[in-house]
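In what follows, a structure is listed as structure tokens, so that the remarks can point back to it.
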Amino acid sequence: MKPVICRRARLLLAGVLMAMLACLQAAAAPATYSGEAPVTSQSEAERAGALKSALADVVIRLSGDPGILARAEVAKAVADADKYVLQYRYRRDSGIDETSGAATTRLMLVAEFDSSAVDRMLAGLGLAVAGAAAPVDATPVERRIWISGIHSAEDYARGMGYLARQSLVRQAWPLEARGDGILVRLSVAGGLDRWLAAVDGEGVLRVNSASPPLDGIDATLILSP
């Protein structure tokens with residue numbers, strides 16, 4: 001009986017994963033750019049400033065110019081960060097003080113900005129956007145990727161939701177869940193290398209390896225905490 005039960009459990013899990021993906025794709029939201037900023041508290045006043053810093057992080061990364069905020073029009077646009085933010089959360093990072101060796105913690109605000117709105121803002125300022133969307137007629141290719149760092153249903157929803165929203169992804173199918181990871185088949189416009197570059201820039205998934213020595217897997221990625 002045990003093998004039958006295990007087989008049924010696997011089939012049930014696969015059905016649940018596919019149903020969750022279908023719901024996520026039906027309610028797809030705009031793709032996002034992620035930005036971070038350190039904070040000392042979760043107060044509303046400090047959050048407003050941190051959102052500006054997080055958007056500044058995004059603008060610098062996309063433009064490739066560390067001094068871009070010296071332009072008055074860019075600084076003014078970044079000051080309106082609340083116009084572009086879709087959601088935010090807080091993350092506590094642990095570390096070691098290099099001088100004393102004592103354990104330290106740092107609170108970070110992680111914000112997700114509407115990539116389409118940010119792209120329009122940058123285009124209006126005459127700035128080029130890295131990782132611009134592939135042409136709609138780009139021929140999709142199918143690839144398999146492994147995503148680790150999936151520790152909960154929330155992590156799964158965040159990772160698969162990102163794939164459903166990502167501008168270069170035409171379709172995404174979860175194939176297998178094992179340990180803290182999932183195997184996903186993607187239909188990607190513009191080629192895998194272009195997609196990996198865009199994903200690394202947006203920060204939701206981090207590329208671990210673009211050429212893993214694993215049969216049936218074309219790239220391994222990690223879900224950012």
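Remember, predicted model here, so these are calculated numbers, not experimental data.
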Value rounded to 0.5 Å, distance of [atom1] in [X] from [atom2] in [Y]:
X      : Y      : atom1 : atom2 : result
Ser53  : Glu36  : OG    : CD    : 12.0 Å
Glu142 : Trp173 : CD    : CH2   : 4.5 Å
Arg206 : Thr220 : CZ    : OG1   : 11.0 Å
Ile147 : Tyr156 : CD1   : OH    : 9.5 Å
Met160 : Ile150 : CE    : CD1   : 9.0 Å
Arg47  : Asp82  : CZ    : CG    : 11.0 Å

Does any part of the side chain of [Y], heavy atoms only, come nearer than 4.5 Å to the side chain of [X], both counted from C-beta?
X      : Y      : answer
His151 : Leu223 : no
Asp180 : Asp155 : no
Tyr84  : Val58  : no

In this structure, would [X] and [Y] fall into the same cluster of hydrophobic residues linked by side-chain contacts under 4.5 Å?
X      : Y      : result
Val207 : Leu163 : yes
Leu51  : Leu69  : yes
Phe113 : Met121 : yes
Leu214 : Trp146 : yes
Ile222 : Trp195 : no

Determine the minimum heavy-atom distance between [X] and [Y], stating which atoms define it.
X      : Y      : value
Lys52  : Ala79  : CE-O, 3.3 Å
Thr40  : Leu107 : C-CD2, 4.4 Å
Gly191 : Val141 : CA-CG2, 4.1 Å
Pro38  : Arg106 : CB-CD, 4.3 Å
Leu186 : Ala172 : CD2-CB, 3.6 Å
Ala54  : Ala111 : CB-CB, 4.2 Å

**Request:** Using a strict cut-off of less than 4.0 Å between a Lys/Arg side-chain nitrogen and an Asp/Glu carboxylate oxygen, indicate whether Asp80 and Lys76 qualify as a salt bridge.
**Result:** no
**Item:** Within 6.0 Å of CD in Glu44, more than 12 heavy atoms from elsewhere
**Value:** no
Give a yes or no on whether the backbone of [Y] and the side-chain of [X] come within a donor-acceptor separation of less than 3.5 Å.
X      : Y      : value
Ser224 : Val204 : yes
Arg89  : Glu112 : no
Glu73  : Leu125 : no
Glu176 : Leu183 : no
Arg61  : Ser34  : yes
Asp218 : Ile145 : no

**Message:** Applying the side chain to side chain contact (heavy atoms under 4.5 Å, CB included) criterion to Leu221, which one of Val184, Leu196, Asn208 satisfies it?
**Reply:** Leu196
